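Computed from a predicted model, the values in this text were never measured in an experiment. In what follows, every heavy atom counts, from backbone to side chain, and hydrogens, waters and symmetry copies are set aside. Indexing begins at 1, ligand by ligand and atom by atom, following the structure's order.
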Amino acid sequence: MPASRRGSGSITLPTGQTLAFHSHTRSSEDDDLPHATKKKMADHLRKYEALFTLTPQRMRMIVEAFKESLETGLAKNEQIVPMIPTYVFGWPSGNETGDYLAVDLGGTNLRVCLVTLQGGGKFEITQSKYRLSEEQKQEDGQKLFDFCAECLKAFIDSYIDDGTIKAGTRLPLGFTFSYPCAQKSIDHGQLIRWTKGFGAPNTEGHDVVEMFRRSLEKQNVPAEIVALTCDTTGTLIASHYVNPKTRIACIFGTGCNAAYMERVGDIPKIKHLGIPDDEEMAINCEWGAFDSFEHENLPRTKYDQIIDETSNKPGEQAFEKLISGRYLGEILRLIICELIDEGVLFLGQNTYKIEIPYSFDTAFLSLMESDPTDELLMIIGIFSHFFALETTLAERQFFRALAKLVGRRAARLSACGIAAIVSKKGYLEEGCMVGADGSLYNKYPGFAERIHEGLHDIFGEKGRNVVTYHAEDGSGIGSAIVAAMTKQRKLAGRYPDL
Ligand code: BGC
């Protein structure tokens with residue numbers, strides 16, 4: 001009989017549920033199942049360390065290439081990093097006021113919000129959230145917008161019933177659609193490509209505002225779309241509304257992206273619009289596309305290549321596939337599966353559950369990294385509960401170290417993106433604040449610290465001048481502020497057609 005102890009604990013599942021468990025933990029390697037030895041696991045770890053570690057020098061090379069891509073995207077249309085002009089002109093004053101609806105179609109959920117901007121950087125928000133099913137992400141696009149309209153209608157009706165919204169009012173609506181859209185004006189956006197696993201047909205190449213408007217009209221929803229924004233642009237504006245030192249906004253969630261404010265004179269591709277050079281416009285970088293198709297600059301492992309090749313969009317979103325929450329769990333799972341195939345892990349156990357693609361949620365990596373127990377009880381719970389697999393302490397330590405490698409690489413690559421914008425805009429000396437949001441940034445232990453460590457590795461001591469912080473809710477509040485700014489701009493007759 002192997003030496004054993006009883007362990008117990010609880011873990012929070014990605015669904016928010018808490019799971020209590022009691023497990024039989026093994027404290028030695030002389031087990032009744034043929035487990036890998038500590039030494040063997042340490043050898044394997046060294047191999048993965050070499051693959052996933054980014055040196056400061058390599059990071060600086062990535063930053064240089066990144067900067068070039070940003071410039072090319074500003075100069076010409078249809079580049080790999082599209083650098084989308086958003087028609088959000090300048091920063092909010094902080095005194096925007098009024099009631100606005102916001103619909104946020106993100107990577108995982110649909111959110112409907114009622115936002116009251118109170119001025120002075122203050123606001124109130126109420127919201128409902130709906131989980132999107134995998135089927136909905138692949139259904140006909142118009143059907144997806146019909147669903148958004150239905151949810152918005154039910155939301156408005158409930159607020160009319162309780163007297164919050166006056167019957168007969170038609171509220172302005174900010175639509176947050178967090179996928180790359182080429183914009184000709186603030187209320188137009190042609191979907192360039194779906195990302196984050198979406199694939200709804202009859203949507204790419206179409207104006208998503210027009211499609212959503214059609215759904216709203218069909219169902220007589222009393223809302224008028226005044227602005228289309230991406231979650232990053234919304235985050236930039238919302239963060240600046242409460243923290244005027246903000247210069248850049250990033251999302252590290254199911255997908256990843258950044259937005260910042262650019263001088264119009266430095267966006268050569270919109271010169272023909274005749275907007276004065278000194279005006280400012282927010283740029284939605286869509287940096288998740290960096291290095292797509294060419295794969296010349298990023299250190300892709302064979303696991304990254306498998307993810308890319310088996311995705312619904314091979315070649316695309318190359319940067320995002322190394323960083324975002326949709327993929328990190330899958331990277332780790334592919335490594336585990338490789339070691340199963342090589343006969344290193346789980347010999348004699350039934351591994352079919354962990355062999356299912358995307359079965360290893362990125363939330364598991366966060367949980368594994370934050371397991372506070374010596375026996376790594378959280379990791380026991382994850383493997384036994386979700387995959388019916390028994391693990392030894394040596395294996396659990398190995399899994400935790402692997403999670404750390406994958407999570408750290410993601411954060412350091414994120415730092416490269418931030419550094420590219422900081423360096424392009426010359427923000428390093430003066431320093432700047434970066435509003436960041438998304439499940440990875442908010443929930444992954446140490447993600448922010450690792451970004452800061454990466455910035456320090458790239459820039460040296462001055463890297464400490466760039467500070468990320470948890471941003472305001474860009475896709476709700478930001479979207480409402482953008483709608484308010486648009487209303488004010490049009491009333492003042494500034495570029496009314498844009
Ligand atoms: C989308 C961006 C979005 C980001 C974060 C990416 O996949 O292309 O528009 O900002 O995810 O949600």
Side-chain angles (χ1 to χ4, degrees), residues 69-70 73 78-86 88 102-111 129 132 137 174-183 189-200 203-204 208-209 227-239 248-260 282-292 307-308 311-328 330 362 410 413-414 417-418 421 434-444 447 468 470-476 478-479 482:
S69 283
L70 301 182
E78 293 172 19
Q79 298 306 299
I80 289 190
V81 178
M83 302 297 278
I84 297 167
T86 61
V88 173
V103 168
D104 165 22
L105 188 67
T108 312
N109 297 305
L110 166 72
R111 221 164 44 115
K129 220 174 185 176
L132 292 165
K137 296 179 189 173
F175 182 29
T176 307
F177 183 76
S178 302
Y179 306 88
C181 288
Q183 293 194 256
Q190 188 179 17
L191 179 62
I192 300 173
R193 56 176 163 266
W194 282 117
T195 59
K196 299 180 274 202
F198 273 65
T203 322
E204 287 179 338
V208 294
V209 175
L228 174 77
T229 45
C230 168
D231 50 4
T232 41
T233 311
T235 302
L236 182 71
I237 296 302
S239 301
I248 301 169
C250 298
I251 301 288
F252 302 111
T254 310
C256 80
N257 190 12
Y260 74 102
I283 295 289
N284 165 18
C285 302
E286 288 295 339
W287 78 12
F290 173 60
D291 210 32
S292 291
I307 287 185
D308 183 35
S311 75
N312 68 337
K313 299 277 179 181
E316 298 183 9
Q317 297 298 95
F319 187 57
E320 177 161 284
K321 282 175 179 154
L322 306 188
I323 292 181
S324 81
R326 181 171 171 82
Y327 306 102
L328 298 191
E330 181 65 1
T362 297
L413 285 171
S414 305
I418 296 173
I421 299 179
V434 180
D437 204 357
S439 49
L440 214 52
Y441 186 84
N442 298 332
K443 296 195 187 134
Y444 201 109
F447 197 78
T468 71
H470 179 203
E472 291 304 328
D473 163 19
S475 28
S479 178
V482 170

Checking a contact table here: which protein heavy atom is nearest [atom], and how many Å away?
| atom | result |
| --- | --- |
| atom 10 (O) of ligand 1 | D231 OD1, 2.5 Å |
| atom 11 (O) of ligand 1 | K196 NZ, 3.2 Å |
| atom 6 (C) of ligand 1 | E320 OE1, 3.1 Å |
| atom 8 (O) of ligand 1 | E286 OE1, 2.7 Å |
| atom 1 (C) of ligand 1 | S178 O, 3.3 Å |

Judged by atom type as modelled, is there a donor-acceptor pair below 3.5 Å linking the side chain of [X] to the main-chain atoms of [Y]?
| X | Y | result |
| --- | --- | --- |
| D473 | S475 | yes |
| T362 | R326 | no |
| N257 | W287 | yes |

### Query
Do NZ/NE/NH1/NH2 and the carboxylate oxygens of D231 and R111 come within less than 4.0 Å?
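No, D231 and R111 are not salt-bridged.
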
### Task
Examine the side chains of Y327 and S311 and answer whether a donor and an acceptor come within less than 3.5 Å of each other.
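Not at all, the side chains of Y327 and S311 share no donor-acceptor pair under 3.5 Å.
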
### Query
Should L328 and L440 be marked as a side chain to side chain contact (heavy atoms under 4.5 Å, CB included) after you check the CA-CA gap, both sets of side-chain angles, and the distance that decides it?
CA-CA 10 Å; L328 298 191; L440 214 52; 3.9 Å; yes

### Contact partition for S324 relative to ligand 1, non-hydrogen atoms under 4.0 Å
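Near ligand 1, S324 shows nothing, with every heavy atom at 4.0 Å or more.
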
Under a 4.0 angstrom heavy-atom cut-off, which atoms of ligand 1 come close to [X]?
| X | answer |
| --- | --- |
| C230 | 9 (O), 10 (O) |
| Y179 | 8 (O), 9 (O) |
| I251 | 5 (C), 12 (O) |

#### Entry: Spacing of T254 atom OG1 and E320 atom CD [to the nearest 0.5 Å]
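Going from OG1 on T254 over to CD on E320, the span is 9.0 Å.
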
### Task
Would you check the N or O atoms of N257, main chain and side chain alike, for any that come under 3.5 Å of an N or O of ligand 1?
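In this structure, N257 places an N or O atom under 3.5 Å from an N or O of ligand 1.
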
